[in-house]
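In this chain, numbering begins with 1 at the start of the sequence shown.
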Amino acid sequence: MQNRIRDLREDADLTQTQVAQYLKMSQTGYSKYETGENDVPTAVWQALADFYHVSVDYLMGRTDVKTPHP
């Protein structure tokens with residue numbers, strides 16, 4: 001699942017700092033989500049899903065379908 005959030009960020013040509021700013025957190029804190037060092041809180045999963053226009057299930061690796069449920 002960490003690979004998904006990193007891959008989406010890289011595909012969007014964004015830096016960790018840019019995504020961290022969107023989440024209102026430090027780059028270091030966000031980096032720990034990408035590396036799996038820290039667990040991602042539910043609110044952050046939801047914010048990232050909204051940011052990338054994908055489902056939380058996709059971010060978590062539960063499905064390969066990016067589209068969020070209507």
Side-chain angles (χ1 to χ4, degrees):
M1 64 189 139
Q2 291 84 15
N3 289 338
R4 290 245 166 127
I5 61 175
R6 184 192 67 231
D7 290 345
L8 284 168
R9 178 183 58 76
E10 290 175 348
D11 289 347
D13 292 324
L14 297 170
T15 64
Q16 287 183 346
T17 300
Q18 290 170 308
V19 177
Q21 287 173 341
Y22 170 78
L23 297 172
K24 296 181 172 90
M25 63 184 305
S26 70
Q27 177 275 326
T28 304
Y30 176 77
S31 174
K32 290 180 180 185
Y33 296 153
E34 282 196 6
T35 62
E37 188 175 336
N38 286 352
D39 289 334
V40 181
T42 301
V44 173
W45 282 125
Q46 293 170 332
L48 289 170
D50 290 344
F51 184 70
Y52 291 118
H53 306 288
V54 298
S55 70
V56 172
D57 283 340
Y58 176 78
L59 290 177
M60 297 181 86
R62 295 181 54 167
T63 183
D64 290 329
V65 178
K66 288 184 178 182
T67 310
H69 192 289

For this session: Could you tell me which residues satisfy side-chain contact (heavy atoms from CB on, under 4.5 Å) with Gln21, sequence neighbours excluded, listed by chain and number?
Result: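 For Gln21, the residues satisfying side-chain contact (heavy atoms from CB on, under 4.5 Å) (neighbours in sequence not counted) are Thr17.
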For this session: Could you go through the side-chain contact (heavy atoms from CB on, under 4.5 Å) check for Leu14 and Phe51 one step at a time?
Result: CA-CA 12 Å; Leu14 297 170; Phe51 184 70; 3.5 Å; yes
Exercise. Between Asp11 and Arg4, is the closest basic N to carboxylate O distance under 4.0 Å?
Worked result: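 So Arg4 does not pair with Asp11 through a salt bridge.
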Would you name the heavy atoms of [X] and [Y] that are closest together and state the gap between them?
X: Met25; Y: Tyr30; answer: CE-N, 3.5 Å
X: Leu59; Y: Ala49; answer: CD1-N, 3.4 Å
X: Tyr33; Y: Pro41; answer: OH-CD, 3.4 Å
X: Ser26; Y: Ala20; answer: O-CB, 3.5 Å

Exercise. In chain order, what residues pass the side-chain hydrogen bond (donor to acceptor under 3.5 Å, both in side chains) check against Thr15, with sequence neighbours excluded?
Worked result: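 With neighbours one apart ignored, the set is Gln18.
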Exercise. Can you tell me how far the OG1 atom of Thr63 sits from the OH atom of Tyr58, to the nearest 0.5 Å?
Worked result: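 Reported to 0.5 Å precision, the distance equals 9.5 Å.
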Exercise. If you measure from OG1 on Thr35 to CD1 on Ile5, what distance do you get to the nearest 0.5 Å?
Worked result: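 Nearest 0.5 Å value for the OG1-CD1 distance: 9.0 Å.
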Exercise. Shared ILVMFWY cluster between Val65 and Leu8, side chains joined below 4.5 angstrom?
Worked result: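 No, Val65 and Leu8 fall in different hydrophobic clusters.
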Exercise. Which residues pass the salt bridge (charged side-chain N to carboxylate O under 4.0 Å, His left out) test with Asp50, sequence neighbours left out?
Worked result: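 Partners of Asp50 under the salt bridge (charged side-chain N to carboxylate O under 4.0 Å, His left out) test: none.
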For this session: Go through Val19 and Leu48 one step at a time and tell me if the side-chain contact (heavy atoms from CB on, under 4.5 Å) criterion holds.
Result: CA-CA 9 Å; Val19 177; Leu48 289 170; 3.9 Å; yes
